[in-house]
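Comments concern the structure below.
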Amino acid sequence: MASVWIGSRGTIKDFPGFSASKDAEALKKAMEGLGTDETTVIEILTGRSNAQRQLIAAEYKSYTGKELKDALQEETSGDFGRALVALVMPPAEFEAEQMNRAVRGLGTNEATLIEIVASRSSKQIREMSQAYYAVYRFPMIEAVGWDTSGDTKRTFLALLEAKRDDSTQAHEDVAKNEAQILYSAGEKRLGTDETKFIEILSTSSFAQLKLTFQEYEKLSGHRMEDSVLNETSGDFAQLLLAVVKCVNNTPAFFAEKLNKSIKGPGTDEPTLTRILVSRSEIDLLDIRQEYKKLFGESLHSAISSDTSGDYRRTLLKICAGDD
């Protein structure tokens with residue numbers, strides 16, 4: 001069965017001639033004694049697919065009696081250590097952990113919730129929810145529900161119900177009908193009928209929505225992005241906008257997020273790490289292309305000038321190449 005966390009445009013693929021026992025042995029050697037051989041650790045963890053890393057982790061545990069994740073946490077620190085731990089987690093578990101970080105503690109990190117929930121497929125959301133429950137013994141949808149309110153909460157919950165059709169089919173008659181409903185619920189009336197927006201944007205497939213947005217533009221003379229910004233506000237607007245952007249061009253959506261994490265005041269390392277790790281086997285090649293197109297600089301050089309040391313080396317290996 002194909003994994004929902006693997007696409008055809010990733011920078012990391014299965015390593016040919018892979019040997020889990022050889023890699024586990026090399027990692028054990030790199031981390032024992034005084035000091036860590038960071039180069040070996042980086043080479044192995046960024047040069048193997050996640051499925052292969054899971055096999056290495058299992059071998060490592062049978063050799064040492066210790067979880068690879070725990071060993072990495074002991075031997076490394078800071079953003080570098082967190083990036084390595086992210087690489088050895090199964091994707092659904094890593095996503096669940098990111099969701100948990102966003103909702104726990106003081107205040108909610110809405111930006112992280114929006115980025116993850118708006119961009120994942122229904123199958124990915126279902127796997128994430130299962131992983132969340134397995135680790136935290138609490139339903140992910142309830143954790144998000146507790147931590148958000150109003151239309152933003154309603155939209156999050158609708159998206160987390162994972163009722164979006166993941167098909168690649170789009171029908172013109174459906175697009176015309178949905179465009180009309182959205183137009184009548186928004187621009188055509190005083191006040192917005194949020195329910196219609198939430199319903200359509202959380203259940204129609206991305207392929208269908210793309211066509212619907214084209215029809216909407218013909219009908220209203222506005223791009224869907226502009227209508228969302230005119231009709232809604234705050235986190236609710238940001239969440240709907242994220243869905244619209246992902247429908248239109250998911251790699252460009254992530255390129256913008258990466259640029260913000262690198263170019264904003266100080267580097268937002270958690271976002272930078274999360275996007276590079278989570279998209280490394282899906283569409284990071286496309287994200288790199290969009291980054292160059294949008295910002296006139298390669299993602300490689302942006303990361304290079306904004307990070308340092310072993311953390312930089314790790315991210316550049318994941319980025320895999322300068323455009």
Side-chain angles (χ1 to χ4, degrees), residues 1-98 123-124 127-128 130-131 134-135 272-288 300 303 307 309-322:
M1 189 182 94
S3 164
V4 298
W5 307 99
I6 298 174
S8 59
R9 301 286 295 153
T11 52
I12 296 179
K13 310 262 187 225
D14 281 337
F15 182 72
F18 167 69
S19 161
S21 54
K22 219 162 100 181
D23 285 343
E25 189 61 60
L27 286 173
K28 177 176 174 283
K29 207 169 143 199
M31 290 192 281
E32 63 191 6
L34 276 171
T36 305
D37 170 6
E38 285 89 358
T39 303
T40 298
V41 176
I42 294 169
E43 283 296 325
I44 292 174
L45 296 184
T46 61
R48 311 291 183 267
S49 66
N50 190 283
Q52 290 175 330
R53 285 177 229 134
Q54 299 313 314
L55 298 172
I56 296 169
E59 284 289 325
Y60 186 89
K61 188 168 184 184
S62 74
Y63 280 166
T64 63
K66 195 178 212 173
E67 296 289 349
L68 177 55
K69 193 170 125 180
D70 297 340
L72 289 167
Q73 277 171 333
E74 281 168 28
E75 294 297 324
T76 59
S77 62
D79 295 310
F80 170 53
R82 283 188 283 273
L84 296 181
V85 168
L87 285 166
V88 300
M89 292 177 83
E93 203 178 293
F94 173 63
E95 303 265 318
E97 188 215 46
Q98 295 293 304
K123 283 182 179 157
Q124 287 173 329
E127 286 196 13
M128 225 157 74
Q130 284 164 357
V135 176
L272 183 54
T273 303
R274 179 177 57 254
I275 295 176
L276 287 176
V277 171
S278 66
R279 308 310 290 188
S280 62
E281 292 183 52
I282 300 175
D283 56 359
L284 191 49
L285 289 170
D286 294 332
I287 294 169
R288 272 172 34 186
H300 191 280
I303 291 168
T307 54
D310 293 323
Y311 179 55
R312 169 174 25 193
R313 287 203 292 157
T314 306
L315 295 189
L316 292 180
K317 280 275 185 194
I318 297 170
C319 183
D322 200 350

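In this chain, residues are counted from 1 in sequence order.
Between the side chain of Glu38 and the main chain of Asp310, no donor-acceptor pair closer than 3.5 Å is present. Judged by distance alone, with hydrogens and angles left aside, the side-chain atoms of Asp37 form a donor-acceptor pair with the main-chain N or O of Thr40 at under 3.5 Å. Using a distance-only test at 3.5 Å, with no hydrogens or angles considered, a donor-acceptor pair links the side chain of Gln52 to the main chain of Ser49. For the pair Gln54 (side chain) and Val88 (backbone), a donor-acceptor distance under 3.5 Å is present.
Thr46 and Arg313 form no side-chain donor-acceptor contact under 3.5 Å, judged by distance and modelled atom types alone. Side-chain contact, Trp5 with Glu95: no donor N or O sits under 3.5 Å from an acceptor N or O.
When all heavy atoms of Gln124 and Val4 are compared, the pair lying nearest together is NE2-O, 2.9 Å. When every heavy atom of Phe18 is checked against every heavy atom of Leu55, the shortest pair comes out as CE2-CD1, 3.8 Å. Here the closest heavy-atom approach between residue Thr273 and residue Tyr311 is recorded as OG1-OH, 2.7 Å. The shortest non-hydrogen separation linking Ala96 to Met128 is CB-O, 3.8 Å. Listed here is the closest heavy atom pair of Pro90 and Asn50: CA-OD1, 3.8 Å. Between Ile12 and Arg48 the shortest heavy-atom distance is CG2-O, 3.4 Å.
In this structure Ala57 satisfies the side-chain contact (heavy atoms from CB on, under 4.5 Å) test together with Leu68, sequence neighbours excluded.
At a threshold of 4.5 Å between non-hydrogen side-chain atoms, the residues Ile318 and Leu87 count as touching. Within the 4.5 Å cutoff, the side chain of Arg274 has heavy atoms near those of the Phe94 side chain. In this structure, Val135 and Glu97 have side chains that are not in contact, with every pair of non-hydrogen atoms separated by 4.5 Å or more. Using a 4.5 Å heavy-atom threshold, the side chains of Glu32 and Lys28 count as touching. Taking the side chain as every heavy atom from C-beta outward, Val41 and Thr76 never approach each other to under 4.5 Å.
Atom OG of Ser8 sits about 9.0 Å away from atom CG of Leu285, to the nearest 0.5 Å. Between atom CG of residue Asp283 and atom CZ of residue Arg9 there is a gap of 9.0 Å, rounded to the nearest 0.5 Å. The CG atom of Leu315 lies 10.5 Å from the NE2 atom of His300; values are rounded to the nearest 0.5 Å. Note that the CD1 atom of Ile42 and the OG1 atom of Thr36 stand 11.0 Å from one another [nearest 0.5 Å]. Rounding to the nearest 0.5 Å gives a distance of 9.0 Å between CG of Leu316 and CG of Leu276. Within the model, atoms CG of Leu72 and CG of Leu45 stand 6.0 Å from one another, a figure rounded to the nearest 0.5 Å.
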Inset, instruction - Show your reasoning for whether side chain to side chain contact (heavy atoms under 4.5 Å, CB included) applies to Met89 and Val277. - result: CA-CA 10 Å; Met89 292 177 83; Val277 171; over 6 Å; no
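Taking the charged nitrogens against the carboxylate oxygens, Glu74 and Lys66 do have a contact shorter than 4.0 Å, which makes a salt bridge. Glu59 and Lys22 are not joined by a salt bridge, as no carboxylate oxygen comes within less than 4.0 angstrom of a charged side-chain nitrogen.
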